[in-house]
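Proteins come first, then strands; the chains are lettered A, B, ... in the order of their sequence lines, and each starts at number 1.
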Amino acid sequence: MYALVDGNNFYVSCERVFRPSLNGRPVIVLSNNDGCAIARSNEAKALGVKMGAPWFQIRELANTKGLVALSANFALYGDLSDRMMAIAASYAPRQEIYSIDESFLLFEGMPGAELVSIGRALRDQVLCWVGIPTCVGFAPTKTLAKLANHVAKNAERKPGSYPAEYAQVFNLGACSATEVAAVLMATEVGEVWGVGPRTSARLKAYGIHTAQDLTRVDSKMLRREFSVVLEKTALELQGVSCARLEDVPTDKKQIACTRSFGRPVLELAGLAEAVSSFAMRAAEKLRSQNSAAGTLQVFIHTSPFRTDDPQYSRSVTVPLSRPTSDTNILVSAALAGLRQIYRTGFKFAKAGVMLMDLVPETVQQAELDLICEFDGLQQPPEKRLLMKAIDGLNRRYGRGAVGVASAGTNAGSAPRGWTMLQERRTPAYTTCWEDIAIARA
DNA sequence: TCTGGGGTCCTAGGACCC
DNA sequence: TCTGGGGTCCTAGGACCC
């Protein structure tokens, strides 16, 4: 049996841990640049705020309905996520951390009747120790566990949509065939994990409207007309497990750092600073998984929303002579790529750097050894040590303590135009000494 | 004025190569 | 009249997830 443990309205719940005055109020968390809503409290959902709604279109609600909007505070969310995941992990032999607010647990040889009480204990402990409310769904496949979790949430949030005893912790695996069918019939096909809006619209054209309908379709037809992925989803809904628990974290196949700018950037100089800093950050992530990149890609584009402005979007792939994780080499390559694709006369809104063709550092080292042996060269270890030292300093003194000069600096000058806006960010309560909350007795 | 970031997998056309 | 087949790389885009 699988369990899916999921934090309710996760980012909003994290903010409420340190600001209990936000309880019961409509609250949203905004994306970078305070662009759009990426998390909503139940009260905000009730006001009709949609996922991804642009802030400038809904900001009146702050005046008329008391909507509170906060800038994203990922340092806080990441830390509370770690605490929540650690507690969840202690309840089952195996755990897959699926996203910042979700993990799958795998229970083997556990009587079904006990699972709900285990789920309740887990929920209570996370709420008590971390302050985050969660829901838990149990079922024999991952897709059904996602569905059970969805039911547990809706039964709590929309009374009447499902039986009240399904709320918060729900075991679909302990239900009768009739009860399972009733749940599948009450679930729109677009709410199934893996069925997005496009596929959902196409399925409806075939007369497939609910999760129950999807389990009744011939599996070969799904593969032929849609995809293998959808075929597996349908099988999982029937209780046939097709997706395994992936509890061994695998290395990323690509690493990206991309940002929208706080305001439009026209000049090459501004883009060069941004692209340098993105390459620097991507290189850091690369080293933290002990990989080296064989290829780097840079892109820049204008805002697709400013339809009156001339549009420009280009990317370029820069091959590296051999895989590397050296910041200086990666920044140089990114800047060379940028110079290739940059054109004057456009208001650039976003840029990014992606690292691809990643190989383990050991492979890179073996290759380097071979080349040095062949060329009769001594290989200089200084570069690797330099990168280690820089990573160490940035870990200790904060990101950006040491960096490449081409990424620019905020010291003593006006904020750089390309950096993002975050006007409503709460303190990093749990990860920064200066921000620690003070309790007065 | 103002619309996120980071992933995965898949597909397709054009350039280029043998 | 009449001009192949198979492969890779690059760029771009679509679909899905959180």
(message) Does the plane of the ring in A:Phe299 sit parallel, tilted or perpendicular to the ring in A:His301? Use 30° and 60° as the thresholds.
(response) parallel
(request) Can you establish whether the number of heavy atoms outside A:Lys347 located under 6.0 Å from its atom NZ is more than 12? (result) no
(request) Give, ordered by number, those residues of residues 316-336 of chain A having at least one heavy-atom distance below 4.0 Å to an atom of DNA chain C; if nothing qualifies, reply none. (result) A:Val316, A:Thr317
(message) Between the side chains of A:Arg16 and A:Glu43, is the shortest nitrogen-to-carboxylate-oxygen separation below 4.0 Å, so that they form an ion pair?
(response) yes
(request) Looking at every strand, decide which applies to A:Ile100 at a 4.0 Å heavy-atom threshold: base, sugar-phosphate, or nothing. (result) nothing
(message) Nearest to the A:Asn32 side chain among B:dC2, B:dG5, B:dG7, which nucleotide is it?
(response) B:dG5
(request) Write down the partner of C:dG7 under the Watson-Crick or G-U wobble criteria, each distance required to be under 3.5 Å. (result) B:dC16
(message) Taking the side chain as everything from C-beta on, heavy atoms only, tell me whether A:Ser406 gets closer than 4.5 Å to A:Val331.
(response) yes
(message) Tell me the interatomic distance from A:Phe305, atom CZ, to B:dG4, atom C1', rounded to whole angstroms.
(response) 10 Å
(request) Using a 4.0 Å cut-off on protein heavy atoms (strictly under), produce a 5'-to-3' string for nucleotides 11-18 of chain B with B for base contact, S for backbone-only sugar-phosphate contact, and - for none. (result) --------
(request) Kindly state whether the ring of A:Phe104 and the ring of A:Trp193 have centres lying under 6.0 angstrom apart. (result) yes
(request) Please state how far atom NZ in A:Lys350 lies from atom C1' in B:dG4, giving the value in whole angstrom units. (result) 6 Å
(request) Let me know, please, whether A:Ile38 or A:Gln254 comes out on the 5' side of the other along DNA chain B by nearest nucleotide. (result) A:Ile38
(request) Check whether NZ of the Lys or CZ of the Arg A:Arg202 lies under 6.0 Å from the centre of the six-membered ring of A:Phe226 and within 45 degrees of that ring's axis. (result) yes
(message) Considering every strand and a 4.0 Å limit on heavy-atom distances, what is the contact class for A:Glu102: base, sugar-phosphate, or nothing?
(response) sugar-phosphate
(message) Taking the nucleotide of DNA chain B with the nearest heavy atom to each, does A:Lys253 or A:Cys36 sit closer to the 5' end?
(response) A:Cys36
(request) Would you kindly give the CD-to-P distance between A:Glu423 and B:dT1, to the nearest whole Å? (result) 16 Å
(request) Using atom CZ of A:Phe74 as one end and atom P of B:dG6 as the other, report the distance to the nearest whole Å. (result) 9 Å
(request) Rounded to whole angstrom, note down the C1' distance from B:dC16 over to C:dG4. (result) 16 Å
(request) Find the distance A:Tyr11:OH to B:dG6:C1' and express it as a whole number of Å. (result) 10 Å
(message) Is it true that, when you exclude A:Lys388 itself, more than 12 heavy atoms of the residues, nucleotides or ligands shown sit nearer than 6.0 Å to its NZ?
(response) no
(request) Using a 4.0 Å heavy-atom cut-off across all strands, classify A:Pro304 as base, sugar-phosphate, or nothing. (result) nothing
(message) I need the residues from residues 226-236 of chain A with at least one non-hydrogen atom less than 4.0 Å from DNA chain C; give them sorted by number, or say none.
(response) none
(message) Expressed as a whole number of angstroms, how long is the span from A:Phe261:CZ to B:dC2:P?
(response) 14 Å
(message) For A:Ala401, is there any backbone N or O sitting under 3.5 Å from a side-chain donor or acceptor partner on A:Asn394?
(response) yes
(request) Could you check if a side-chain atom of A:Thr317 sits within less than 4.5 angstrom of a side-chain atom of A:Gln297, using non-hydrogen atoms only? (result) yes
(request) Calculate the interatomic distance between A:Lys347 atom NZ and B:dT3 atom C1'; express it in whole Å. (result) 16 Å
(request) State whether the number of non-hydrogen atoms from other residues, nucleotides or ligands found under 6.0 Å of A:Arg322 atom CZ is greater than 12. (result) no
(message) Looking at A:Arg314, I'd like to know if its CZ atom is crowded, meaning that more than 12 non-hydrogen atoms belonging to other residues, nucleotides or ligands lie closer than 6.0 Å.
(response) yes
(message) Any carboxylate oxygen within less than 4.0 angstrom of a Lys/Arg side-chain nitrogen, looking at A:Asp124 and A:Arg120?
(response) no
(message) At 4.0 Å (heavy atoms only), tell me whether A:Ser303 reaches a base, stays on the sugar-phosphate, or touches nothing.
(response) nothing
(request) Please tell me which of the listed nucleotides, B:dG5, B:dC2, B:dG7, lies nearest to the side chain of A:Arg59? (result) B:dC2
(request) Would you indicate what A:Asp101 reaches in the nucleic acid, counting non-hydrogen atoms under 4.0 angstrom: base, sugar-phosphate, or nothing? (result) sugar-phosphate
(request) Would you please confirm or rule out a distance under 4.0 Å between OP1 or OP2 of B:dG5 and any side-chain N or O of A:Ser260? (result) yes
(message) Counting the atoms with a prime plus P, OP1 and OP2 as sugar-phosphate, which does A:Trp55 contact under 4.0 Å by heavy atoms, base, sugar-phosphate, or nothing?
(response) nothing
(message) Please report the distance, rounded to the nearest Å, between CG in A:Leu70 and P in B:dG4.
(response) 18 Å
(message) I need the single residue from A:Glu15, A:Arg40, A:Lys45 that forms a side chain to side chain donor-acceptor pair (under 3.5 Å) with A:Asn9. Which is it?
(response) A:Lys45
